[in-house]
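When a residue number appears, it is its place in the shown sequence, counting from 1.
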Amino acid sequence: MQVSILMGSDSDWPLVKKTADTLKRFGVVFDVRVLSAHRTPDRLAEYIKTAETAGTLVFIGAAGKAAHLAGVIAAHTVLPVIGLPVKSSALDGLDALLSTVQMPAGVPVATVAIDGAENAAILAVQILAVGSDTLREKLEEHRRDMSAAITEKDAALWKQLNETV
Ligand code: RP5
């Protein structure tokens, strides 16, 4: 297991599935669990220690509302922690963003955008790629694919405009 994805509730899964699917595309081995900083604090702490022993190198903590999950994970490990603020509140995720990103000095959480599920996975792959040429090549290929897709969309738009003018 290279990445442990933790989410505060099963209601986060429709979003977090995108993180899982992206990791799968890169061939990264991961675990996904529902563990809450507030509702299951002891089991969360236990899991983090178990995951470290099992070889986890990066944690992803996805949570909404007063989202302390990623911060609490970071308090229990020195491994890199990525925070994914989930838009599940009346405040549209701004509460989760601030709760996740505003960590005290010495205990960072690398926070992606509100609902930035794909970027949470890509950042995890980038961290793992520091020690893996294979992952680095896959990331470079991913960038080339994105670039080609944009070029294609640009060309399609120009074609459409020229046809209508
Ligand atoms: C957070 O509260 C979870 O991460 C979720 O985003 C939100 C709502 O949880 P549920 O009430 O749907 O379980 O802790």
Side-chain angles (χ1 to χ4, degrees), residues 1-9 11-38 40-41 44-89 91-143 145-146:
M1 184 166 60
Q2 296 163 289
V3 176
S4 286
I5 309 174
L6 308 186
M7 57 191 148
S9 170
S11 63
D12 299 320
W13 177 239
L15 175 74
V16 175
K17 187 177 181 305
K18 292 181 197 166
T19 306
D21 289 344
T22 305
L23 288 176
K24 253 187 228 164
R25 268 198 277 128
F26 280 92
V28 167
V29 182
F30 62 91
D31 192 19
V32 194
R33 298 288 301 272
V34 178
L35 286 164
S36 163
H38 304 122
T40 62
L44 173 62
E46 266 166 42
Y47 174 83
I48 294 162
K49 293 300 156 210
T50 310
E52 276 188 334
T53 310
T56 285
L57 295 171
V58 183
F59 285 91
I60 297 175
K65 297 186 174 170
H68 297 122
L69 181 58
V72 169
I73 298 169
H76 284 283
T77 182
V78 295
L79 292 170
V81 178
I82 297 167
L84 170 57
V86 178
K87 188 171 166 175
S88 61
S89 71
L91 298 178
D92 281 344
L94 191 58
D95 42 1
L97 172 66
L98 297 178
S99 306
T100 304
V101 79
Q102 289 286 17
M103 288 296 290
V107 191
V109 166
T111 305
V112 296
I114 297 168
D115 282 359
E118 188 178 341
N119 270 1
I122 289 173
L123 184 53
V125 176
Q126 287 177 324
I127 293 168
L128 295 171
V130 168
S132 164
D133 288 343
T134 309
L135 285 180
R136 189 181 285 229
E137 279 158 24
K138 284 184 184 177
L139 284 164
E140 281 163 0
E141 190 187 338
H142 178 249
R143 288 282 170 99
D145 289 348
M146 277 194 305

Chemist: To the nearest 0.5 Å, tell me how far D95 CG sits from K65 NZ.
Modeler: 8.5 Å
Chemist: Please name the pair of heavy atoms, one in A113 and one in L84, separated by the smallest distance, quoted to 0.1 Å.
Modeler: O-CD1, 4.0 Å
Chemist: Check the surroundings of atom NZ in K138: do more than 12 heavy atoms from other residues, nucleotides or ligands lie under 6.0 Å from it?
Modeler: yes
Chemist: Between I73 and G61, which heavy-atom pair has the shortest distance, and what is it?
Modeler: CD1-CA, 3.9 Å
Chemist: Is there side-chain contact between P41 and V72, with heavy atoms separated by less than 4.5 Å?
Modeler: no
Chemist: Of the non-hydrogen atoms in G64 and S88, which two are nearest, and what is the gap between them?
Modeler: CA-OG, 3.4 Å
Chemist: Do V32 and W13 come close enough that some side-chain heavy atom pair is under 4.5 Å?
Modeler: yes
Chemist: Would you say that I114 contacts D92 through its side chain, given a criterion of any heavy-atom pair below 4.5 Å between the two side chains?
Modeler: no
Chemist: Any side-chain heavy atom of L128 sitting closer than 4.5 Å to one from V3?
Modeler: yes
Chemist: Looking at every non-hydrogen atom in both residues, tell me the closest pair between L135 and F26 and how far apart they are.
Modeler: CD2-O, 3.6 Å
Chemist: How long is the gap from OG1 on T134 to CZ on R136, to the nearest 0.5 Å?
Modeler: 11.0 Å
Chemist: Mind checking the CG-CZ spacing from L57 to F30? Nearest 0.5 Å is all I need.
Modeler: 15.0 Å
Chemist: Find out whether L23 and I5 are in side-chain contact, i.e. whether some heavy atom of one side chain is under 4.5 Å from a heavy atom of the other.
Modeler: yes
Chemist: Would you confirm whether T19, through its side chain, and A117, through its main-chain N or O, come within 3.5 Å as a donor-acceptor pair?
Modeler: yes
Chemist: Please give me the minimum heavy-atom distance between G93 and P85, naming the atom from each residue.
Modeler: O-CB, 4.5 Å
Chemist: Could you check whether any side-chain heavy atom of I82 comes within less than 4.5 Å of a side-chain heavy atom of V109, counting everything from C-beta outward?
Modeler: no
Chemist: Tell me if the NZ atom of K49 is crowded by more than 12 foreign heavy atoms within 6.0 Å.
Modeler: yes
Chemist: Could you state the interatomic distance from CD1 (I122) to CZ (R143), rounded to the nearest 0.5 Å?
Modeler: 8.0 Å
Chemist: Measuring from N119:CG to T22:OG1, what's the distance to the nearest 0.5 Å?
Modeler: 9.0 Å
Chemist: Ignoring hydrogens, what is the shortest heavy-atom contact between G8 and D12? Give both atom names and the distance.
Modeler: N-OD2, 3.3 Å
Chemist: About how many Å separate CD1 of I48 and CG of L35, when rounded to the nearest 0.5 Å?
Modeler: 8.0 Å
Chemist: Is it the case that the side chains of Y47 and S4 hold a donor-acceptor pair, with the cut-off being a distance below 3.5 Å and no angle test?
Modeler: yes
Chemist: Evaluate the criterion side-chain contact (heavy atoms from CB on, under 4.5 Å) for residue pair D31 and T56; output intermediate values, then yes/no.
Modeler: CA-CA 9 Å; D31 192 19; T56 285; 5.9 Å; no
